[in-house]
Amino acid sequence: MMSSQLLDGLNPSQIAAATHIDGPLLMLAGPGSGKTRVITHRIAHMIETGIDPNQIVALTFTNKAAGEMRARLERIVGRNDVWLGTFHSFCVRLLRRYARLVGLTENFSIYDTDDAKAALLMAVAEADFELTHTTLGKLANRISYFKNRLVTPDILQSEAFSSNDHQVAQVYPVYQQLLLRNSAVDFDDILMHVATLLRSHPELRQTLDARFRYIMVDEYQDTNLAQYVIVRHLSVDHPNLAATGDPDQSIYGWRGANLDNVTNLERDYPTLRVLRLEENYRSTPEILSVADCLIQHNTYRKAKTLLPLRSTGHCVRLHTYPTARMEAEHVADQIVALVNEGDYELNDFGVLYRTNANSRLIEQALTRRQIPFQLIGGFRFYARKEVKDLVAYLLLINNPEDNVAFQRAVNTPSRGIGKQTVDKLERLSRDQETSMLEAARHAVAHQTLGKRPLSAIVGFLKIYDQLCSLVRGPLVDLLQMTIELTHFREHVIKRRRGDESEGDALTNLDELLAEAHELDILANDEQTALETFLEVSALQADTDRLSSDKNIVTLMTLHAAKGLEFRCVYLIAVEENILPHIRSKDDPLSLEEERRLLFVGITRAKDQLQLSYAKSRGFSGQGSGVPSSFLVELPRGELDVVDHCERFDDYTDADGGFDEYHDPSSEAGWDEANQLDGSLDDGASYVDFDESCQLPPEEMAARLGRKRKPAPFPRIRSGLDFSDHDSPPTDPWAEYRPGRTVLHQKYGQGEIIAASGHGPKRSVTILFIDDNSRHTFRLSHVPLEIQH
DNA sequence: ACTCGTAGCCTTTTT
DNA sequence: GGCTACGAGT
């Protein structure tokens, strides 16, 4: 039974996709094919046919995409309990629940790239590793690479590896242990731990498979092995996995995204239904023709058509400029002109580029013309120093084991605790096998430090304990008090004195307070405002802050533009060594990814598209001046080619002009470049895929024999809320339950009269015998001895 | 323990 | 071209 209203306005293949509910489904959706529309209508349709929204999960690439999808869905079916979020946020929730099964505690910290590097640096020191022939960054990248492919320290150490990876193998296990000691995860762990969890706990896997019965994955072409293993394991008994993606838009190979996942789907699900969405509602035929012409130069590719539905529009422009500055100025001028003509508004414009560094001149040109714009990319809001410094206190309050947070908080604002003291505390903590926070308390109690550092630490602990007592109150109060007790504002002002960003830094603090206040309002039983805050602060990407309601121009990298569209797109700096990037040129596969990146950029445009390059671009080296080899692959006859250099005699004769790249001999060169040697081995063969993705043989055999009806799943309240039935049995805090008698250091003996929460975030209310007083404590912060 | 200077590394892309 | 991590000096 399908609602005609719901499917109104969808084309036949879209309807087919939206009404395919049970069984595996792969939607190969070209750009602008109404994919988001299909997904939302599909979910709405599922709900309408009576499926419990609680059993539906839709995983997106960014929080923003999730938010948009939610908004659209709610417009159709109203408020609902469908889980819509990123892979990472979904996995964090799962991991919070089953943290103990992988050696974490429920209140684990999430490290962003900076924190992870700090932790890695500690691990390097601990492993007595010399950073002479490698850098911290490279080491971090390599470890990330392995984690994305589910290569654990054990596997790495047992495999044959290059001398380079031999070094990685020295540090990786130490790093991983250190993270566990701190009860912390890095971004990659979030996925890797969940994959491990599902692989090593069949009964839990089964429970969750039933719990999340309908799983959708958007941007499937950009998933990595860890992500594949996760959705694969959640779709065994209930193989209702629906993936949408476009292999031509796979641009995250460097992050471990694996196009094989598309083929794997066909292999692992023989009944997979593949649907193609090829009709394009977004772009003019001119734009699509250019895009198609380009992408056909990719060798490793399944043919796919782009069917234009819009009527003829403007010619795609290719502009050549003498300098990057002129490029920026002219783009800004065109924006002004088009807006003045009245057909376009500022938010119709997107300026796209390969690297963040390319935004600078455009920013200046727009600023000079007083055109408002938003710049997406570069540093995340939560990665700013003053923000991170403050958040460190909250992290430490939430997770006292977190030594990275401790080290950041303990001496910011500086209070006389230097490297010496911190090193000593780290040694003490390792010797005593406690957190650095505990080691600090111990040092105070036993006077094992010099007088001056000791009193500084006493001061810090006093602040910390005071803050901890506020943990049950509103987050905004906790944050406010942190700022006050640490004299944080004064600290920021002092740091940035004279600096123009001083004001910004203070504004950022206010923004944090506002955010905290907002979360206080949203807080519920499942997750406190503090927990939500810490999750957001770690997982919010810069692209998530993109605003679509303000009437301003958008500047962003091609990667950040994925999934977006603009009426007018300016794709600047289409130059050799920038796009394709210099670092991708040795490897044919990377080169193809660069081509896809340009394809993504082109297909963001609805009405107008201008590609441009400049013959000189400020800084030396960077292959300035040479047009991208991709430009030669475009249909020259269909382009409106404008060379702004002709008026500048100085530049007309300069090397590397477009025309030089259009002679037959160069083209022969490109053809040669396209004849790839077929070496697809990227060294990712550490994990046997079948082994990682299949169930144990016995279980598989058992399954093939019977197609049984799943047991009814316990009633769930909302979202990713878990009932107590599937509570892991390993939670020692569960022992603190009403009726138990406990001993408190100060108040003496009392009886637990109420308890709530799980793990160390569990809090209990106690009626004390001595003075009949009641107090509520968080177990993670107050030692309570159970009396038997 | 803090401040200033320098060397090397960095950025291509981000959850 | 810019940051930042580390080292020497006070």
Side-chain angles (χ1 to χ4, degrees), chain A residues 59-66 85-92 110-114 116-118 121 124-125 131-132 134-141 144 147-148 185-192 219 222-224 226-227 250-257 352-360 376-380 382-383 385 411 413-423 450 452-453 456 494-495 535-544 556-562 573 577-585 590 593-594 596-598 600-601 617-624:
Chain A
L59 300 174
T60 60
F61 200 70
T62 62
N63 293 300
K64 186 175 176 283
T86 61
F87 256 103
H88 285 83
S89 62
F90 174 74
C91 289
V92 163
I110 303 169
Y111 286 169
D112 70 5
T113 318
D114 283 347
K117 276 192 183 166
L121 199 62
V124 164
L131 275 177
T132 43
T134 182
T135 66
L136 199 64
K138 280 180 186 162
L139 206 54
N141 278 340
S144 171
K147 285 187 174 180
N148 282 320
V185 298
D186 63 23
F187 283 142
D188 307 310
D189 280 343
I190 294 172
L191 302 176
M192 188 168 80
E219 307 286 8
D222 284 320
T223 53
N224 59 35
Q227 289 167 319
S250 165
I251 54 176
Y252 281 91
W254 49 274
R255 209 167 84 183
L352 310 181
Y353 37 80
R354 176 63 176 87
T355 73
N356 284 305
N358 295 323
S359 68
R360 206 141 177 195
I376 308 297
F379 12 81
R380 305 179 321 130
Y382 286 100
K385 197 173 180 341
N411 201 33
S414 51
R415 51 175 70 88
I417 300 167
K419 199 175 179 310
Q420 290 295 321
T421 312
V422 171
D423 281 352
R452 224 173 45 225
K494 198 170 141 200
R495 255 196 115 71
E535 192 179 305
V536 169
S537 73
L539 296 183
Q540 188 184 73
D542 197 55
T543 45
D544 297 329
M556 58 167 77
T557 61
L558 289 165
H559 282 93
K562 186 166 90 154
N577 293 350
I578 294 181
L579 176 64
H581 194 268
I582 188 163
R583 282 205 51 186
S584 67
K585 299 222 302 191
S590 313
E593 181 157 314
E594 295 287 305
R596 291 194 291 268
L597 202 46
L598 180 56
V600 167
R617 191 169 294 277
F619 47 95
S620 60
Q622 300 308 315
S624 45

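Naming: A, B, ... by sequence-line order, numbering from 1 per chain.
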Nearest whole angstrom, please: distance from the [atom2] of [N] to the [atom1] of [X].
X        : N      : atom1 : atom2 : value
A/Arg415 : B/dA1  : CZ    : P     : 14 Å
A/Arg255 : B/dT15 : CZ    : P     : 6 Å
A/Lys117 : C/dC3  : NZ    : P     : 15 Å
A/Asp423 : C/dC6  : CG    : C1'   : 13 Å
A/Arg452 : B/dA1  : CZ    : P     : 6 Å
A/Leu139 : B/dC9  : CG    : P     : 14 Å
A/Gln227 : B/dT15 : CD    : P     : 12 Å
A/Asp222 : B/dT13 : CG    : P     : 16 Å

Within less than 4.0 Å of OP1 or OP2 of [N], is there a side-chain N or O belonging to [X]?
X        : N      : result
A/Asn224 : B/dT15 : no
A/Thr113 : B/dT14 : no
A/Ser89  : B/dT15 : no
A/Asn356 : B/dT14 : yes
A/Thr62  : B/dT14 : no

Query - Qualifying residues under ring pair (Phe, Tyr, Trp, His ring centres under 6.0 Å), relative to A/Tyr252, sequence neighbours excluded - result: A/Phe61, A/Trp254, A/His559

Report task. List the steps and the verdict of side-chain contact (heavy atoms from CB on, under 4.5 Å) for A/Leu597 and A/His581. Result -> CA-CA 11 Å; A/Leu597 202 46; A/His581 194 268; over 6 Å; no

Tell me, do [X] and [Y] make a side-chain contact under 4.5 Å, heavy atoms counted?
X        : Y        : result
A/Glu219 : A/Thr60  : no
A/Ile578 : A/Asn358 : yes
A/Leu191 : A/Asn224 : yes
A/Val600 : A/Ile251 : yes

Closest nucleotide among [options] to the [X] side chain:
X        : options                : answer
A/Thr355 : B/dT14, B/dT13, B/dC10 : B/dT13
A/Thr557 : B/dA1, B/dT13, B/dC2   : B/dT13
A/Thr86  : B/dT15, B/dA1, B/dC10  : B/dT15
A/His88  : B/dC9, B/dA1, B/dT15   : B/dT15
A/Phe187 : B/dT15, B/dA1, B/dT14  : B/dT15

Report task. Could you grab the distance from atom CG of A/Leu352 to atom OG1 of A/Thr557, nearest 0.5 Å is fine? Result -> 8.5 Å

Give [X] one of three labels, base, sugar-phosphate or nothing, depending on what nucleic acid heavy atoms sit under 4.0 Å from its own.
X        : value
A/Ser584 : nothing
A/Asp189 : nothing
A/Gln420 : sugar-phosphate

Query - Centroid distance under 5.5 Å and plane angle under 30°, A/Tyr252 vs B/dT14 - result: no

Query - Range-with-range stems for DNA chain B, at least three Watson-Crick or G-U pairs under 3.5 Å - result: B:1-9 with C:2-10

Query - Upstream residue (5' side of DNA chain B) when A/His559 and A/Ile417 are each assigned their closest nucleotide - result: A/Ile417

Query raised in the report: Got a sec, which residues hit side-chain contact (heavy atoms from CB on, under 4.5 Å) with A/Val92, two or more places apart in sequence or on another chain?
Result: A/Arg96, A/Phe108, A/Ile110, A/Ile190, A/Glu535, A/Leu539

